[in-house]
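A short worksheet on the structure shown next.
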Amino acid sequence: MLDSSRFLGHVIMYDLRALRDNFDAIREQLGRRGADVPWDRLRTLIEQRRTLTNQVEQLRHELKKGSDEVAKLKRENQSADASMTAMKDVGERIKTIEDELRAIEETLTDLNLRIPNLPHASVPAGKDADDNKEARRWGPLPALRAPAKSHWEIGEALGILDFDRAAKIAGARFAVLTGAGARLERALINYMLDLHTTQHGYREVLPPFLVNRSSMTATGQLPKFEEDLFRLRDEDYFLIPTAEVPVTNLHRDETLTESALPIRYTAYTPCFRREAGSYGKDTRGLIRLHQFNKVELVSFAKPDQSYEELERLTGHAEAILQGLGLHYRVVTLCTGDMGFSAAKTYDIEVWLPSQSHYREISSCSNFEGFQARRAGIRYKDASGKKGQRTEFVHTLNGSGLAVGRTLVAILENYQQPDGSVTIPDVLRHYMGGMERIKKE
RNA sequence: GGAGAGAUGGCCGAGCGGUCGAAGGCGGCGCCCUGCUAAGGCGUUAUACGGGCUUAAACCCGUAUCGAGGGUUCGAAUCCCUCUCUCUCCGCCA
């Protein structure tokens with residue numbers, strides 16, 4: 001099996017040739033995105049690498065010729081001392097240049113891995129979330145018969161959410177679900193997985209929740225965002241921040257068969273995030289936790305079909321909310337608000353009555369070839385005919401959905417004046433027929 | 001955790017210091033033969049990067065790649081070191 005520890009070698013996000021040929025165009029496009037890339041240094045390094053590579057290849061050619069000469073002379077029982085001395089010198093020159101080259105490639109690779117993806121042409125330009133464009137809304141705003149309570153008020157009153165004990169056993173930003181709350185979370189997971197596998201054509205995956213450094217690098221979490229991740233102290237394992245990481249890496253360093261595309265996976269996993277830098281934000285409730293559950297959708301698609309696939313995948317995530325009867329809207333993220341690896345992203349935002357706000361419950365992105373290049377995921381047609389190129393696939397993923405936030409939306413949108421919560425129809429058989437959650 | 005074995009092309013498998021990008025087989029592709037099929041014959045069959053070239057293909061030249069990274073040597077698939085992974089046995093464990 002191939003090992004992608006070779007990341008610090010030659011597999012690089014931006015193909016250096018493409019980067020060199022389109023340097024100014026890329027620089028300009030990423031500038032609008034707010035990328036902090038040391039462009040001039042990058043350009044210098046690329047040129048240096050090119051020069052040194054040429055030199056070293058020429059010398060190696062010389063060395064090869066010389067060594068063959070030595071072999072020939074020895075076979076003929078002639079003295080090869082002169083050639084050997086000359087080649088020793090060539091060998092040393094090669095080594096010197098190689099050392100230089102190695103240092104340059106190391107910095108170059110590191111810089112390169114920190115360059116974000118190029119936004120797709122259809123992405124609106126903008127600085128932050130305020131510049132995102134609403135694409136559509138679904139369903140009516142819920143008409144509540146009393147002032148909306150927050151989900152933590154509802155949940156604690158019902159005895160199904162316990163933040164005090166979560167703080168005791170773990171700390172801030174953790175939650176304990178009990179009784180009908182725990183069951184509702186489980187029901188949601190099953191409902192989502194069942195819908196995606198039976199109606200939307202995804203294959204279910206249950207991946208590892210810890211992954212290695214290569215996997216994190218492939219999907220773009222590393223090297224730039226290590227501080228967002230939980231990492232084991234004694235071994236180089238990271239807790240996954242999303243199932244995107246293990247599931248996309250399923251096909252790392254593989255060449256897929258063209259006719260098999262698109263390949264679609266869905267996975268339930270817990271997700272772990274340090275949430276460094278979000279102090280003071282969403283400190284109460286289930287919205288922002290160090291550990292939360294998510295059902296993820298991942299797709300590997302042919303480049304000319306990936307935007308179609310993005311629409312489809314987003315629709316699959318929306319279908320969950322529609323099934324649950326929850327009002328939501330879809331927004332197209334602007335250049336400044338997109339994640340590092342994405343070329344285009346739709347956020348699905350569900351309505352939360354207690355905040356009178358839409359809150360993100362899913363994020364669906366097309367990464368185009370960005371992750372595929374880092375991860376070495378290619379495809380070709382299986383005919384065995386000559387002349388076909390193996391190309392990088394496009395990868396996509398989206399939450400389908402964030403389970404905890406879905407539970408929040410249910411508690412808040414289906415709360416009743418008496419403090420109970422009605423369970424949406426589609427979940428009832430997963431809840432053993434329960435129709436509403438009442439105080440026990 | 002302890003002891004041992006191993007990693008070579010799409011697959012199987014040889015090679016253990018030069019003539020090796022790598023024998024042989026299988027598979028794939030092309031042509032031939034054959035009424036069809038089967039069998040058979042001949043040939044061909046890795047990838048990446050750089051250059052020849054102003055665009056694309058073809059072709060040619062160069063370099064790299066035998067799990068990964070370093071080292072020894074004029075020369076490494078072959079020798080040495082480190083790491084990763086796989087397998088077997090023992091221990092531990094859900």
Side-chain angles (χ1 to χ4, degrees), chain A residues 1-22 45-106 108-110 112 206 208-218 232 234-238 249-260 369 372-392:
Chain A
M1 220 45 232
L2 289 165
D3 172 35
S4 290
S5 51
R6 64 197 169 88
F7 269 132
L8 298 177
H10 356 314
V11 177
I12 303 185
M13 184 269 130
Y14 277 89
D15 176 63
L16 285 181
R17 175 76 179 275
L19 187 56
R20 180 160 59 90
D21 290 348
N22 307 292
L45 286 170
I46 291 173
E47 286 315 318
Q48 282 177 346
R49 186 188 103 100
R50 192 168 132 80
T51 313
L52 292 177
T53 304
N54 284 342
Q55 283 177 17
V56 95
E57 287 191 354
Q58 220 166 322
L59 285 172
R60 275 203 276 251
H61 179 55
E62 212 176 299
L63 182 73
K64 248 182 160 175
K65 283 258 161 63
S67 301
D68 287 349
E69 181 70 20
V70 171
K72 197 174 143 214
L73 290 171
K74 292 211 162 171
R75 237 179 292 127
E76 291 164 359
N77 280 320
Q78 297 183 44
S79 163
D81 291 355
S83 298
M84 280 168 66
T85 317
M87 286 311 110
K88 193 174 175 72
D89 180 55
V90 172
E92 269 153 24
R93 279 158 66 203
I94 290 174
K95 217 155 276 181
T96 312
I97 299 175
E98 276 178 343
D99 287 343
E100 216 176 318
L101 199 53
R102 196 172 302 140
I104 284 173
E105 287 198 328
E106 213 169 286
L108 194 53
T109 302
D110 185 66
N112 201 346
L206 184 59
F209 303 157
L210 270 61
V211 300
N212 57 32
R213 187 169 283 275
S214 296
S215 295
M216 284 292 187
T217 308
L232 297 207
D234 295 326
E235 296 187 76
D236 212 18
Y237 286 131
F238 297 85
N249 275 280
L250 231 37
H251 293 301
R252 171 148 53 87
D253 294 323
E254 291 183 18
T255 301
L256 306 171
T257 309
E258 182 174 7
S259 58
R373 218 169 288 116
R374 289 173 161 239
I377 309 172
R378 295 157 225 262
Y379 75 95
K380 70 172 174 194
D381 109 57
S383 70
K385 290 224 163 61
K386 275 197 75 176
Q388 47 168 327
R389 292 183 72 80
T390 53
E391 291 186 73
F392 291 109

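Lettering of chains follows the sequences in order, A, B, ..., and the numbering in each one begins at 1.
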Given [options], identify the nucleotide with an atom nearest to the side chain of [X].
X      : options             : value
A:R102 : B:G71, B:A48, B:U63 : B:G71
A:S67  : B:A64, B:G62, B:C74 : B:C74
A:K74  : B:G62, B:C74, B:A64 : B:C74
A:A71  : B:G18, B:C49, B:G62 : B:G18
A:V70  : B:G18, B:U63, B:G51 : B:G18
A:R17  : B:C74, B:G50, B:G62 : B:G50
A:E57  : B:C74, B:U63, B:A48 : B:U63
A:K64  : B:G18, B:G51, B:U63 : B:U63
A:M84  : B:A64, B:C74, B:C49 : B:C74

Can you tell me the base-pairing partner of [N]? Count Watson-Crick or G-U wobble geometry only, both distances below 3.5 Å, and say none if there is no partner.
N     : answer
B:A14 : none
B:U88 : B:A3
B:A76 : none
B:U55 : none
B:G69 : B:C81
B:G50 : B:C61
B:C29 : B:G43
B:U19 : none

Measure [atom1]/[X] against [atom2]/[N] and give the value in whole Å, please.
X      : N     : atom1 : atom2 : answer
A:N54  : B:C61 : CG    : P     : 19 Å
A:Q78  : B:G18 : CD    : P     : 20 Å
A:D68  : B:A76 : CG    : C1'   : 14 Å
A:D15  : B:G50 : CG    : C1'   : 12 Å
A:D21  : B:U55 : CG    : P     : 9 Å
A:Q58  : B:C61 : CD    : C1'   : 13 Å
A:K380 : B:G10 : NZ    : C1'   : 8 Å
A:L63  : B:A76 : CG    : C1'   : 12 Å

Mind checking whether A:K72 and A:Q78 have side chains closer than 4.5 Å, heavy atoms only? no
Hey, does A:L101 have a side-chain heavy atom less than 4.5 Å from the side chain of A:R49?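 When only atoms from C-beta onward are counted, A:L101 and A:R49 do touch, with a gap below 4.5 Å.
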Atom [atom1] in [X], atom [atom2] in [Y]: separation rounded to 0.5 Å?
X      : Y      : atom1 : atom2 : answer
A:I97  : A:R93  : CD1   : CZ    : 7.0 Å
A:K74  : A:E69  : NZ    : CD    : 12.5 Å
A:S259 : A:K380 : OG    : NZ    : 12.5 Å

Begin from the C-alpha positions of A:D68 and A:K65 and carry the test salt bridge (charged side-chain N to carboxylate O under 4.0 Å, His left out) through to its verdict. CA-CA 5 Å; A:D68 287 349; A:K65 283 258 161 63; over 6 Å; no
Among residues 86-100 of chain A, which ones have heavy-atom contacts with RNA chain B below 4.0 Å? A:M87, A:K88, A:K95
Separation between the [atom1] atoms of [N] and [M], rounded to whole Å:
N     : M     : atom1 : answer
B:A58 : B:G70 : P     : 32 Å
B:C93 : B:U84 : P     : 25 Å
B:C79 : B:U19 : P     : 16 Å
B:G4  : B:A94 : C1'   : 27 Å
B:G1  : B:A22 : P     : 42 Å
B:A5  : B:C80 : P     : 13 Å
B:A23 : B:G9  : P     : 13 Å
B:A38 : B:U44 : P     : 24 Å

Show, in sequence, the C-alpha distance, side-chain angles and deciding distance for A:T51 and A:N54, and conclude whether the side-chain hydrogen bond (donor to acceptor under 3.5 Å, both in side chains) test is met. CA-CA 5 Å; A:T51 313; A:N54 284 342; over 6 Å; no
Answer yes or no: are there more than 12 heavy-atom neighbours, outside A:Y237 itself, under 6.0 Å from its atom OH?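 Not more than 12 within 6.0 Å, no.
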Tell me whether the count of non-hydrogen atoms from other residues, nucleotides or ligands lying under 6.0 Å of CD in A:E47 goes above 12.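 More than 12 within 6.0 Å, yes.
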Please check the phosphate of [N] (OP1 and OP2 only) for any side-chain N or O of [X] closer than 4.0 Å.
X      : N     : result
A:H61  : B:U63 : yes
A:R50  : B:G51 : yes
A:S214 : B:A68 : no

Looking just at side-chain N and O atoms, do A:N112 and A:T109 make a donor-acceptor pair shorter than 3.5 Å?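 There is no such pair (donor and acceptor under 3.5 Å, judged by atom type) between the side chains of A:N112 and A:T109.
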